[in-house]
Amino acid sequence: VNDAFGNAQSVVVFGGTSDISRELVALLTADRGRSVVLAGRDCVTLAKRAERLRRTVARVQTVTFDARTLDDVEETVMACFEAAAEPVDVVVVAVGELGSQTADEAVPDRVARMVTVNFSWPAAALSSVAARLRLQGHGRIIVLSSVAGYRVRRSNFVYGSAKAGLDGFAAGLSESLRGTGVSMHVVRPGFVHTKMTRGRPAAPFAVRPEKVASDIVRGLKRGHAVIWSPPALRLVFPVLRLAPAALWRRLPG
Amino acid sequence: VTVTTTSAPQLLSGWGRTAPTTTLLARPVDVSSVQDLLRVQPGGVIPRGLGRSYGDAAQCTGGLTVDTAGLGHVGALNEEAGTIEVGSGASLHELMRRLIPLGWFIPVTPGTRYVTVGGAIAADVHGKNHHRDSSFASHVLELSLVTPYGTLTASPHHEPDLFWATAGGMGLTGVIVSAVLRLIPVETSWMLVDRQRFSRLDTLMSTMESTDVRYRYSVAWLDCTQGRNGNHRSILTRGDHAPFDALPNRLRSRQRDVPGDPSLRVPRTGHGRILNRLSIRALNEAWFRISKESEGSLQSLAEFFHPLDGVGGWNLLYGPRGFVQYQFAVPPERGDVIQDAVRTVVASGLPSFLAVLKRFGPGTPGPLSFAQEGWTLALDFPLGPPSLPALLDRLDDAVAAAAGRVYLAKDSRLRPELVPIMYPRMNDMFRVCRRMDPDGMLASDLSRRLGIPQ
């Protein structure tokens with residue numbers, strides 16, 4: 001159960017192998033964490049992450065799932081909550097795949113897969129998570145969206161449009177949770193130096209995963225429904241969203 | 001069944017307004033409806049009185065919270081024995097209003113009248129007279145408790161393990177439905193009060209050590225917003241019930257005035273924080289200036305015991321983020337922990353609105369009962385400063401190392417691993433809970449957070 005300062009005791013992470021979630025879980029559990037469930041696809045990386053976390057957290061468990069198929073979303077969420085075996089204070093949904101715009105955009109199967117991984121699976125999981133937290137009486141959900149979904153652009157519209165869908169879904173779900181003791185926090189990072197973006201040219205305002213994690217924790221303490229990282233993007237993107245298409249097209253990154 | 005369960009789950013928090021969670025709320029009106037509620041509760045169940053615990057002791061996330069307001073009957077006074085039988089939902093406010101005109105008073109009253117008898121037992125509350133009269137449960141002759149195992153009566157002589165596990169047990173042994181209390185006779189509702197000011201913490205503490213025995217009630221207020229090298233100013237207030245002869249003529253007609261309801265109420269704005277670093281400093285300054293030294297001055301009961309009750313909903317002054325209370329006790333020879341704590345808090349610059357120091361007499365056999373012989377210091381802090389959580393964690397370590405403990409009725413952030421160190425008789429609690437509640441149905445956010453009973 002959360003303490004007065006919002007420190008969580010029990011955390012469940014979907015997308016437990018991502019660099020951002022690694023940093024985020026370390027921060028979330030630093031003070032009072034005692035149970036973490038890491039769910040992801042790559043069981044080898046999951047096992048490594050779990051091993052490292054066990055130095056600071058008493059109980060760490062892993063669950064494997066594949067976000068490319070939608071058959072077992074409910075089973076996966078249920079498995080994670082059962083593994084936690086106590087009220088889950090924070091759920092992190094950091095499932096996603098950047099893909100390759102040029103390779104994906106003209107191949108229907110690939111587009112469908114990108115939408116599944118970045119939108120359908122996380123949205124389906126969110127609906128199940130939200131229902132469970134409501135029953136449980138409290139909890140905070142952190143969803144990794146992206147500035148790419150804030151205004152979708154030519155250079156990554158497959159990924160961006162799926163994130164836009166997720167961002168909208170999360171915003172609506174967030175409203176539906178008002179007054180229930182459950183809160184939703186949508187994270188919109190800019191370019192983050194992670195293994196997902198390795199080899200790509202960094203955009204302006206690029207940050208490291210540690211910075212995203214600390215921005216998220218700060219936003220969480222302040223109860224922000226939308227968390228930008230770096231926080232300066234909160235001022236930049238609403239302006240860019242209004243930029244004329246001719247200008248928008250020419251922007252770097 | 002005469003149970004009213006609210007249809008929609010409610011968001012509940014403690015008096016500090018931190019960490020709210022949703023729960024179903026039931027307000028049973030008799031013992032049999034409490035029994036019905038304790039049959040099957042897969043999400044857990046915990047009783048709640050007036051919600052004055054600062055932290056998360058009286059809420060149960062995803063479960064059921066049993067509001068005892070419907071169990072507030074006040075039975076007949078036994079004038080001969082000086083006892084009264086009351087429902088657990090009766091408030092001390094209500095009891096005082098009934099008893100004072102009859103010449104009786106409650107033997108132990110905490111800093112607020114707005115607590116229930118059930119809550120006072122479950123937190124085993126203490127008052128300014130602990131050094132002489134022990135804690136609330138020491139004046140409970142018998143209590144009636146609904147547990148998942150059944151409905152039982154317990155007293156220090158009959159089912160003593162259950163009685164003492166319930167005293168200070170934070171509701172984890174069952175729902176108290178009624179109790180028989182021992183009362184004290186009083187001639188008037190006025191207090192004869194001596195007030196001294198100190199500019200050094202060590203002289204305050206030695207004065208309390210040497211002369212507290214002369215007074216029934218004693219408490220010191222510290223200004224934790226300034227001072228260094230032990231130069232922290234304080235006001236020691238001590239007194240006893242005034243006999244009728246001590247009243248001047250103008251007060252004789254008001255011999256048995258009863259405390260009223262708050263004349264001021266903080267509006268629920270949802271925003272804004274009135275108590276911040278600056279205002280806390282200013283209020284401490286003002287409080288010190290208006291509190292002149294005096295001897296044998298008369299104060300009303302409410303002024304003496306419950307100054308904060310004059311402002312309804314004063315917890316709202318801390319704004320929507322709320323505040324934490326931190327109270328700990330250390331053995332008599334460990335006054336150094338108190339001095340270190342005050343020094344640490346003053347040096348940190350973190351504002352504490354109310355810092356209260358008091359000496360405790362011997363504790364009770366209750367495994368989770370807070371008061372133990374020695375010193376106790378209570379502090380409160382508005383939420384927000386990033387250095388606050390770590391500061392309190394450091395204080396915890398010092399308290400645990402000194403064989404002291406933190407008050408669970410005020411806790412909202414203790415580290416679970418320190419609980420069995422601070423409360424070494426936790427096993428007694430565990431044994432009783434296993435017998436009364438084999439399925440572990442009784443649970444609060446506090447018990448889950450701290451892993452009680454372990």
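Every value quoted in this text rests on a predicted model; they were computed, and no experiment measured them. Residue numbers start from 1 in every chain, and the chains themselves are labelled A, B, ... in the order their sequence lines are given, proteins ahead of strands.
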For residues [X] and [Y], report the shortest heavy-atom separation together with the two atoms involved.
X	Y	answer
B:Arg448	A:Pro87	CD-CG, 4.2 Å
A:Gly181	B:Leu11	CA-CD1, 3.5 Å
B:Val324	A:Ala4	CG1-CB, 3.6 Å
A:Asn2	B:Asp56	O-OD2, 4.3 Å
A:Lys221	B:Arg321	O-NH2, 3.9 Å

Exercise. For A:Gln9, is it the side chain, the backbone, both, or neither that has a heavy atom closer than 4.5 Å to a heavy atom of chain B?
Worked result: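 Looking at A:Gln9, just its side chain touches chain B.
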Exercise. In terms of heavy-atom proximity below 4.5 Å to chain B, should A:Arg34 be classed as side chain, backbone, both, or neither?
Worked result: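 The side chain, not the backbone.
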[atom1] of [X] to [atom2] of [Y]: how many Å apart, nearest 0.5 Å?
X	Y	atom1	atom2	value
B:Arg413	A:Asp31	CZ	CG	10.0 Å
B:Asp445	A:Asp3	CG	CG	12.0 Å
B:Thr22	A:His138	OG1	NE2	9.0 Å

For this session: Check the surroundings of atom NZ in A:Lys195: do more than 12 heavy atoms from other residues, nucleotides or ligands lie under 6.0 Å from it?
Result: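 Atom NZ in A:Lys195 is packed in, count exceeds 12.
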Exercise. Does CZ belonging to A:Arg234 count more than 12 external heavy atoms closer than 6.0 Å?
Worked result: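 Check fails, neighbour count at 12 or below.
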Problem set entry | Steps toward salt bridge (Lys or Arg N to Asp or Glu O under 4.0 Å) verdict (B:Arg449, A:Asp89) | CA-CA 11 Å; B:Arg449 181 168 56 77; A:Asp89 303 319; over 6 Å; no
For this session: Identify whether the distance between the nearest side-chain nitrogen and carboxylate oxygen of B:Asp393 and A:Arg32 falls below 4.0 Å.
Result: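 Result for this pair is yes, salt bridge flagged.
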For this session: Pull out the residues in residues 381-388 of chain B that come under 4.5 Å of chain A, heavy atom to heavy atom, sorted by number.
Result: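 Listed by number, the contacting residues are B:Leu383, B:Leu388.
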Exercise. Using non-hydrogen atoms only, which part of B:Leu414 is less than 4.5 Å away from chain A: side chain, backbone, both, or neither?
Worked result: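 When you check distances to chain A, only backbone atoms of B:Leu414 fall under 4.5 Å.
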Exercise. If you look only at pairs with a residue in residues 180-193 of chain A, which of them pass as a side chain to side chain donor-acceptor pair (under 3.5 Å), with sequence neighbours excluded?
Worked result: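 Listed by first then second residue: A:Asp167-A:Arg188, A:Ser183-A:His185.
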